[in-house]
Amino acid sequence: MNNISSSIPKIDHLEKANGSAIYVCDYDTDDMLHGRLLRSSIAKGIVRNVRIPELPDGYFYVDSTDIPGKNQVHMIQDDTPVFTNDVQFIGEPIGMLVGPDLKKVGSLLSETQVEYENLAPVFDARGSEDIFFDFNIEKGDVEAAFAHADRIIEGSFETGLQEHIYLETNGMIGKFQDGKMIIHGSLQCPYYVHGALVDATALTHENVIVKQDVTGGGFGGKEDFPSALACQVAIAAFKADGKSVRVVFEREEDIIATSKRHPSYCDYKLSVKDGKVTGMVSDIIVDAGAYTTMSMVVLQRATIGSSGVYNIENIKVRGRAPKTNTVPNGAFRGFGGPQVFFAIEMMMTHVAKELGVDSAEFKLKHIVQQGDLTSTSGKYHFPVPLKQMAAKVLKESDYFKKQKQYKNQTGRYRKGIGFSLVFHGAGFTGNGERDIIKAVAHLKKLKDGRVEILTANTDMGQGLATTFTKIVSKTLDLPPEKIIFSLPDTSRVPNSGPTVASRSIMVVGELLRRAAIRLKDEWIEGEEQLIEQRYEHPSFMIAFDAVNFKGDAYPTYSWQATVVETTIDTLTGGISIDNVWGSFDVGTPIDESIVIGQMEGGIIQSLGYAIMEKCTIYNGAINNKKLCDYIIPTAPDFPNMNVYLYVDEYPEGPFGAKGAGEMSHVGGAPAVLDAIQNALGTKLSKIPFMPEDVLDILREEKLDD
Amino acid sequence: MIDIIKFNLNDKEISYTGSASARLLDFLRDEKKMTGTKCGCKEGECGACCVIIDGKTVNSCLVAMGSIHGASIITIEGYSKTERFETLSKAFESVSAIQCGFCMPGMLLSSECILDGNPKPSETIVREGLSGNLCRCTGYNSIVKAVLKASEKGGGLW
């Protein structure tokens with residue numbers, strides 16, 4: 001392994017260990033005002049009147065009439081209002097009450113009454129006629145493939161909501177002073193927040209300053225959402241006479257009102273000829289919720305990924321994101337991948353079962369290879385090491401032997417073993433990086449010889465402060481102590497783009513490496529120097545046509561092969577995970593321990609998604625809104641994981657690195673569901689798959705007897 | 001009736017005259033400005049606010065001030081000045097076990113209690129001992145490794 005991979009102590013280790021790191025909730029609030037949002041109690045309707053109790057001195061209320069700029073939160077499309085009068089989901093912000101005492105604000109809020117004109121909401125994505133996005137992919141000749149098929153096999157798959165549960169809830173502090181709006185808080189993308197604030201406040205770019213505080217986890221949950229909260233806090237800050245206004249969510253508010261992973265409904269038809277899949281028709285629906293937020297790009301990734309890691313020559317895919325009157329679904333690690341990879345992976349096991357062949361071998365027979373066409377008729381430009389990676393986990397887990405052994409069990413405890421293959425397209429989909437983001441990174445050399453990294457990318461726990469530092473330190477041959485990484489502040493850093501899409505190391509890390517090479521060449525002792533590095537689109541890429549979905553959607557891919565072994569208790573329905581083996585190719589790990597931590601953390605989120613985390617909505621209201629009824633994995637729930645890093649260096653990434661953080665959330669769910677299929681001898685198609693679902697299957701089994 | 005609630009906080013005697021029903025968590029964060037104790041849910045589920053009370057980890061969001069008269073409390077601010085913290089922190093650092101860090105003060109105090117009760121714990125004991133502390137980033141593997149490593153390296157400390 002490249003020697004940059006050897007781990008170093010994380011640069012933010014001690015302040016997080018000893019509790020001295022200041023998160024947004026940790027600022028002294030003695031001189032601050034506290035804000036709480038007035039939220040809708042209905043799913044759809046017009047706000048006719050808001051009756052606020054008489055407010056004591058120092059307390060005030062803001063709503064849409066107080067917005068100097070547009071009543072829109074700028075994201076991709078700008079349909080999310082800052083404060084609404086036209087309610088689209090339960091929990092939507094209508095206004096904010098602000099004052100010096102948080103408890104008093106809370107009691108005033110509970111006395112506030114809203115009169116609505118109720119309208120009929122839509123909750124079922126499949127019944128919604130309001131389709132935000134509708135994408136189509138066609139490759140080859142599906143009609144011919146189906147016409148010549150020996151068999152056509154169908155399957156339908158569903159995945160549920162998933163809540164991020166970053167341990168630190170969303171929070172933001174805003175202050176308007178001397179004509180400048182200064183906002184800081186828990187966030188992934190300072191310039192997303194900045195852009196939204198410019199539109200809502202009608203201030204100039206220079207007069208809006210966004211800073212990231214130490215951020216207690218994001219996983220996508222702090223990608224789009226903080227833009228909305230920042231706008232709301234800013235509108236209140238205008239009226240706060242130069243005082244800071246702080247909003248920090250309670251856990252329940254965070255669960256009710258912030259984005260989640262899109263639930264999905266996927267229908268597949270595969271044509272089979274001579275034991276091989278020749279064609280695929282898939283219909284992908286992701287429930288967008290009430291506003292578009294990130295749904296366009298989540299749906300792009302889902303649509304493109306729906307044929308999985310398989311070389312299916314003839315495909316026809318339709319992807320839709322309908323609107324429902326529920327909390328908007330947004331970015332979550334994997335970004336549309338976990339839904340469709342679950343579907344295609346299960347589908348392949350179902351087809352194998354129908355054909356009477358081993359599902360792992362059947363999958364391996366179909367995997368793409370370097371030079372093959374992607375689903376969008378782009379190219380897999382680089383080696384695809386899935387075969388070697390699969391061989392590793394299949395051998396380490398003794399998969400084939402166990403898989404046979406676990407068939408036809410009858411006792412109380414039944415074991416099962418399952419296998420999945422997935423990829424994650426590294427970086428933004430299509431031309432986003434070239435046409436929209438246009439990343440710029442700076443390196444500033446100080447007179448004393450230290451070098452400061454100036455980028456907008458954030459460390460939310462994934463270790464970017466350390467990995468960026470390592471890239472620059474290694475390239476300049478300077479010890480890490482000579483490199484400065486500060487939390488981004490838009491008044492100091494250029495826009496190097498958001499911290500999303502597993503792009504930060506691959507794209508911005510590479511800009512820093514190139515900047516560091518130039519700085520080394522141009523180094524002048526004792527002088528201050530600034531190096532600016534701009535993004536260049538890889539020349540090998542086939543331009544992406546985002547209307548017809550043709551071309552290279554991604555420059556390269558990260559790969560994962562996973563095996564999971566389970567035990568099912570047929571008395572209680574309990575599902576325990578006995579062992580996990582995962583092989584990951586994320587290119588060169590910039591720091592081995594950090595990358596292993598990303599892989600382990602993603603797998604456990606993916607296993608939670610599959611068998612623990614159930615979030616349901618009834619008439620537009622979220623049922624599971626506390627940590628006691630939305631259950632995430634704890635330390636004893638899952639065993640030690642066996643993580644193997646396979647390195648296929650990506651020539652355009654720094655030291656050969658490509659995207660890492662998201663993929664690990666994609667492979668766990670299909671592997672564990674396959675293991676449960678093995679244990680119960682059935683076909684499964686839905687997550688979350690809970691103990692009650694196990695018991696339902698066993699009941700059917702008994703009825704069949 | 002007790003008018004003054006007296007307790008020991010990080011080796012300092014405290015006399016408290018406020019509401020007996022106030023949360024220890026709020027007292028620590030809002031009055032003492034000791035923000036190392038984090039608030040993740042305020043309902044005793046996540047463990048981010050746990051502190052050590054008379055040798056046991058307790059979620060401070062569920063502790064009423066009236067219940068701590070005579071107790072001895074250690075928060076991360078006090079614990080981080082000890083040699084045991086130093087050893088534990090080094091072990092966490094060596095496997096990059098801290099990601100976002102929000103659960104960590106609580107996680108480290110729970111780790112201390114595991115080792116205090118059993119200087120050579122098995123992996124199962126470590127996992128059980130950490131079961132009250134949620135971490136969404138790491139998958140717990142690195143944390144478990146770190147506690148076992150501290151146990152190995154911390155000869156005689158626990």
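Every value quoted in this text rests on a predicted model; they were computed, and no experiment measured them.
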* Which bit of A:Glu250 comes within less than 4.5 Å of chain B, counting heavy atoms only: side chain, backbone, both or neither? -> side chain
* **Option in A:Pro9, A:Gly218, A:Ser7 with maximal non-hydrogen atom pairs under 4.5 Å from chain B** => A:Pro9
* Output all residues satisfying ring-ring contact (aromatic ring centres under 6.0 Å, His included) with B:Tyr16, sequence neighbours left out; order by chain, then residue number. => B:Phe27
* Between atom CD of B:Glu45 and atom CD1 of A:Ile632, what is the distance when rounded to the nearest 0.5 Å? -> 10.0 Å
* Asked: With respect to chain B, which residue among A:Pro639, A:Ala635, A:Gly463 yields the maximal number of heavy-atom pairs within a distance under 4.5 Å?
  -> A:Ala635
* Under 4.5 Å heavy-atom distance to chain B, tell me which part of A:Glu252 shows up: side chain, backbone, both or neither. => neither
* Asked: Using a distance-only test with no angle check, is there a side-chain donor-acceptor pair under 3.5 angstrom linking A:His13 and B:Ser96?
  -> no
* Asked: With only heavy atoms counted, which part of B:Lys81 is less than 4.5 Å from chain A, the side chain, the backbone, both or neither?
  -> neither
* To do: Specify the closest pair of heavy atoms between A:Ala17 and B:Ile98, including all atoms of both residues, with the distance to one decimal.
  => CB-CD1, 3.7 Å
* In terms of heavy-atom pairs under 4.5 Å with chain B, which of A:Glu15, A:His164, A:Gln462 leads? -> A:His164
* B:Phe85 portion near chain A, given a 4.5 angstrom heavy-atom threshold -> side chain
* Under 4.5 Å from any heavy atom of chain B - which part of A:Ile165 -> both
* To do: Count the heavy atoms of every other residue, nucleotide or ligand shown that sit under 6.0 Å from CD of B:Glu86, and state whether that count exceeds 12.
  => no
* Does any heavy atom of chain B fall under 4.5 Å from the side chain of A:Ile596, the backbone, both, or neither of them? -> neither
* After noting the C-alpha distance and the side-chain angles of A:Met460 and B:Gln99, does the key distance pass the side chain to side chain contact (heavy atoms under 4.5 Å, CB included) rule? -> CA-CA 8 Å; A:Met460 53 194 132; B:Gln99 292 193 26; over 6 Å; no
* Spacing of A:Ser593 atom OG and B:Glu93 atom CD [to the nearest 0.5 Å] -> 11.0 Å
Using atom types as modelled, flag every donor-acceptor pair under 3.5 Å from a side chain in residues 19-32 of chain A to any protein atom, sequence neighbours excluded.
unit_1: A:Ser20; atom_1: OG; unit_2: A:Asn18; atom_2: OD1; d: 2.7
unit_1: A:Tyr23; atom_1: OH; unit_2: B:Cys100; atom_2: O; d: 2.7
unit_1: A:Tyr23; atom_1: OH; unit_2: B:Phe102; atom_2: N; d: 3.3
unit_1: A:Asp26; atom_1: OD1; unit_2: B:Arg29; atom_2: NH1; d: 2.9
unit_1: A:Asp26; atom_1: OD1; unit_2: B:Arg29; atom_2: NH2; d: 2.9
unit_1: A:Asp26; atom_1: OD1; unit_2: B:Lys38; atom_2: NZ; d: 3.4
unit_1: A:Asp26; atom_1: OD2; unit_2: A:Tyr23; atom_2: N; d: 3.1
unit_1: A:Asp26; atom_1: OD2; unit_2: B:Lys38; atom_2: NZ; d: 2.4
unit_1: A:Tyr27; atom_1: OH; unit_2: A:Asp213; atom_2: OD1; d: 2.5
unit_1: A:Asp28; atom_1: OD1; unit_2: A:Asp30; atom_2: N; d: 3.0
unit_1: A:Asp28; atom_1: OD1; unit_2: B:Lys33; atom_2: NZ; d: 3.1
unit_1: A:Asp30; atom_1: OD1; unit_2: B:Lys33; atom_2: NZ; d: 3.0
unit_1: A:Asp30; atom_1: OD2; unit_2: B:Lys33; atom_2: NZ; d: 3.2

* Among A:Gly461, A:Gly217, A:Gly216, residue most engaged with chain B (heavy-atom pairs, under 4.5 Å) -> A:Gly461
* To do: Determine which residues belonging to residues 122-143 of chain B lie within contact range of chain A, meaning some heavy atom pair is under 4.5 Å apart, and list them by number or answer 'none'.
  => B:Glu123, B:Arg127, B:Glu128, B:Leu130, B:Ser131, B:Leu134, B:Cys135, B:Arg136, B:Cys137, B:Thr138, B:Gly139, B:Tyr140, B:Asn141, B:Ser142
* Option that, when pairs with chain A are counted at under 4.5 Å, heavy atom only, ranks first among B:Pro105, B:Gly40, B:Cys39 -> B:Gly40
* Asked: Do the charged groups of A:Lys626 and B:Glu43 touch, with an N to O distance under 4.0 Å?
  -> yes
* To do: Mind listing the closest non-hydrogen atom pair of A:Leu167 and B:Cys46 along with its distance?
  => CD1-CB, 4.0 Å
* Within 6.0 angstrom of B:Lys120 NZ, more than 12 heavy atoms from elsewhere -> yes
Which atom pairs, one a donor and one an acceptor, fall under 3.5 Å between side chains of residues 147-158 of chain B and the rest of the protein, sequence neighbours left out?
unit_1: B:Lys149; atom_1: NZ; unit_2: B:Ser94; atom_2: OG; d: 2.9
unit_1: B:Ser151; atom_1: OG; unit_2: B:Pro119; atom_2: O; d: 2.9
unit_1: B:Trp158; atom_1: NE1; unit_2: B:Glu112; atom_2: OE1; d: 2.8

* Straight-line distance of A:Lys16 NZ to B:Cys103 SG, nearest 0.5 Å -> 10.5 Å
* **A:Met641 versus chain B, the contacting section by heavy-atom distance below 4.5 Å** => both
